[in-house]
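These notes are about the structure you will find just below.
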Amino acid sequence: MAQQKKMVEDITSMDVDFAKWYTDVIKKAELVDYSSVKGCMVIRPYGYAIWENIQKDLDARFKELGHENVYMPMFIPESLLQREKDHVAGFAPEVAWVTQGGNEQLSERLCVRPTSEVLFCEHYKNIIHSYRDLPKLYNQWCNVVRWEKTTRPFLRTSEFLWQEGHTMHETEQDAREETLRMLKVYENFYRETLAIPAIVGQKTEKEKFAGAIETYTIEPMMHNGVALQGGTSHYFGDGFAKAFDITFTDRNNKPQFPHQTSWGVSTRMIGAIIMTHGDDNGLVLPPRVAPTQVVIIPVAMHKEGVLEKANELFSSLKKSFRVKLDDSDNSPGWKFSEYEMKGVPIRLEIGPKDIENNQCVLVRRDNNEKIFVSLESLEQSISDTLDEVHNGLYARALQNLKEKTFEARNYDEFLDTAKNHPGFIKAMWCGDAQCETKIKDETGGVKSRCIPFDEDSISEVCACCGKPAKHLVYWGKQY
RNA sequence: CGAGGUGUGGCUCAGCUUGGUAGAGCGCUGCGUUCGGGACGCAGAGGUCGUGGGUUCAAAUCCCGUCACCUCGACCA
């Protein structure tokens with residue numbers, strides 16, 4: 001990342017303490033507040049506005065592909081959760097239970113949903129009878145609860161917001177295609193909207209979702225080289241359908257089990273945005289989700305005509321962009337810092353000198369570049385600059401991903417890289433979970449991220465045990 | 001769940017060793033001067049010292065318990 005002069009003293013430098021930097025940024029940018037419930041956060045208006053922009057974009061992508069939104073209950077009776085044994089075994093340790101309603105002890109305790117597969121299955125059993133009822137392409141936007149031991153705002157909270165798509169298909173092939181199609185939607189969304197590059201691929205047996213046959217994942221790398229599981233898409237086969245006795249009559253009048261998928265992304269993406277693009281001056285938001293794309297700061301507001309001109313700009317620009325005019329009586333310098341911390345992509349300064357010359361000053365958040373723009377061509381300049389910022393952020397993140405991706409051909413190389421170079425390690429793997437466990441234990445937490453789709457081979461043998469290799473795997477520490 | 005740390009105006013903390021009128025900076029409110037990179041002056045508001053018990057004439061300070069939060073490890077979108 002290009003070195004910039006540090007303008008804000010309230011934020012710990014990333015190189016000094018990345019975790020502290022992260023906390024400072026979310027506080028100074030007013031994204032969240034802590035609440036009185038352990039591990040739960042208040043998402044403040046500025047943070048929630050980012051989520052709303054994410055929702056709007058993703059929701060349109062889902063609907064474009066024929067998905068419909070629904071809402072399921074937030075409680076799951078214990079007996080329902082127990083239906084699919086791998087699933088319950090995976091989630092039971094982190095489930096919150098409701099045992100009492102009013103003053104009455106419940107006859108069966110209710111789980112607060114950690115994910116809604118079983119609720120969808122229960123419903124699908126009632127509405128799927130014929131191949132004509134398929135596919136069912138449902139999605140819901142909701143909150144889920146997972147009782148986490150250690151929490152961090154956005155990255156891991158006890159309650160979080162997400163979307164979960166749950167689909168049922170006539171054939172295995174249809175379901176498999178859906179699984180990969182939605183993974184692609186996530187990949188495109190990360191690139192086109194969040195300006196975040198990522199490795200995509202398949203999770204190993206050890207890392208896959210509880211109850212799934214295959215799990216696919218998108219794994220962006222944070223600025224410090226640590227991975228974040230950014231979204232997952234699962235192929236379930238007909239395992240849940242059998243457990244829930246969901247059947248339909250096929251084209252040959254034969255009973256069949258439908259094939260199922262689920263896929264989700266969460267508010268964790270906001271954490272990814274912060275840790276991918278942010279710098280020592282605070283948040284840097286990708287323009288397509290920034291709640292405010294352009295902030296107008298009048299300079300010498302008390303002087304004749306300044307505020308009027310600023311208002312004029314505001315009225316005309318707000319037709320095309322998300323614009324804010326800050327006419328509070330803080331000093332201009334204070335405002336500059338404020339909107340830098342909040343990551344607003346473009347700042348416009350308008351003062352008496354500019355008005356004289358029919359221009360304003362346009363400053364980019366990502367590289368602090370300052371240019372004078374004539375008011376006639378302002379709208380075009382902003383539009384172009386927002387695209388440039390998006391592309392610049394993506395390029396910078398891609399460079400970071402490449403610079404911090406290493407290869408290891410044997411175990412010594414692997415351990416050395418894991419110890420000395422934060423980032424991803426590409427290494428061959430024999431397919432044995434024992435090697436994953438060994439690596440995790442001996443490196444202090446390096447896990448397999450995924451098996452990428454376009455695997456190249458960098459060696460014939462497993463980098464851990466030396467037996468014949470089956471796959472290339474990306475490895476890394478994760479949040 | 002294991003190991004460490006912290007609880008004092010809204011925030012960051014000092015005060016505790018050696019018990020005796022509860023402090024500072026920032027923020028907040030009002031007025032005035034400022035305004036192109038976190039301006040300044042004056043006046044003001046605001047604290048059951050996390051919580052329960054104990055010792056004492058007297059506890060933010062000493063003793064015992066308890067709760068919450070933070071950091072680091074084992075589990076996870």
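Reminder, nothing fancy here: chain letters follow the sequence lines and each chain counts from 1.
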Here the distance between atom C1' of B:rU71 and atom CZ of A:F18, to the nearest Å, is 17 Å
Picking from B:rC72, B:rG37, B:rC76, the nucleotide nearest the side-chain atoms of A:R152 would be B:rC72
### Message
Taking the ring centre of each residue, are A:Y124 and A:H166 less than 6.0 Å apart?
### Response
no
Comparing A:M301 with A:Y479, nearest RNA chain B nucleotide closer to 5' gives the residue A:M301
Paired to B:rG41 by Watson-Crick or G-U wobble criteria (both distances under 3.5 Å) is B:rC31
Query raised in the report: When the C1' atoms of B:rA58 and B:rA43 are considered, how many whole Å apart are they?
Result: 36 Å
- Message: In whole Å, measure the gap between the C1' atoms of B:rG10 and B:rC28 for me.
- Response: 8 Å
Practice problem: May I ask you to say what A:G351 touches in the nucleic acid, namely base, sugar-phosphate or nothing, with a heavy-atom cut-off under 4.0 Å? | Solution: base
Next on the checklist: When the C1' atoms of B:rG19 and B:rA59 are compared, how many Å lie between them, rounded to an integer?
Outcome noted: 6 Å
Only residue of A:F189, A:Y235, A:F62 satisfying ring pair (Phe, Tyr, Trp, His ring centres under 6.0 Å) with A:W263 is A:F62
From NZ of A:K203 across to C1' of B:rC76 the rounded distance in Å is 11 Å
Q.
In whole Å, measure the gap between the P atoms of B:rG23 and B:rG65 for me.
A. 32 Å
Taken to the nearest whole Å, CD/A:E30 to P/B:rG27 is 15 Å
Tell me whether the OP1 or OP2 atom of B:rG38 has a side-chain N or O from A:S337 closer than 4.0 Å. no
side-chain hydrogen bond (donor to acceptor under 3.5 Å, both in side chains) with A:Q478: of A:E219, A:E207, A:R449, only one passes, and it is A:R449
Among the nucleotides B:rG36, B:rA77, B:rA74, whichever has the atom closest to the side chain of A:E349 is B:rG36
- B:rA39 base / A:S331 side chain donor-acceptor hit below 3.5 Å: no
Next on the checklist: Less than 4.0 angstrom between a side-chain N/O of A:K353 and OP1 or OP2 of B:rC35, yes or no?
Outcome noted: no
### Query
Is the centre of the A:W51 ring less than 6.0 Å from the centre of the A:W141 ring?
yes
- Could you give the distance separating B:rC67 and B:rC76 at their P atoms, to the nearest angstrom? 28 Å
Which of B:rC75, B:rG36, B:rG37 is nearest the side chain of A:V361? It is B:rG36
Item checked: Is_stacked (A:W334, B:rA39) at 5.5 Å, 30 deg -> no
Q: Using the P atoms only, state how far B:rA60 lies from B:rG54, rounded to an integer number of Å.
A: 15 Å
Give a yes/no verdict on a cation-pi contact between A:K438 and A:Y411, requiring under 6.0 Å between NZ or CZ and the six-membered ring centre and an angle within 45° of the axis.
-> yes
What integer number of Å spans the P atoms of B:rC49 and B:rG4?
-> 29 Å
* Within the modelled atom types, does a donor on one side and an acceptor on the other bring the side chain of A:N330 and the base of B:rG38 under 3.5 Å apart? -> no
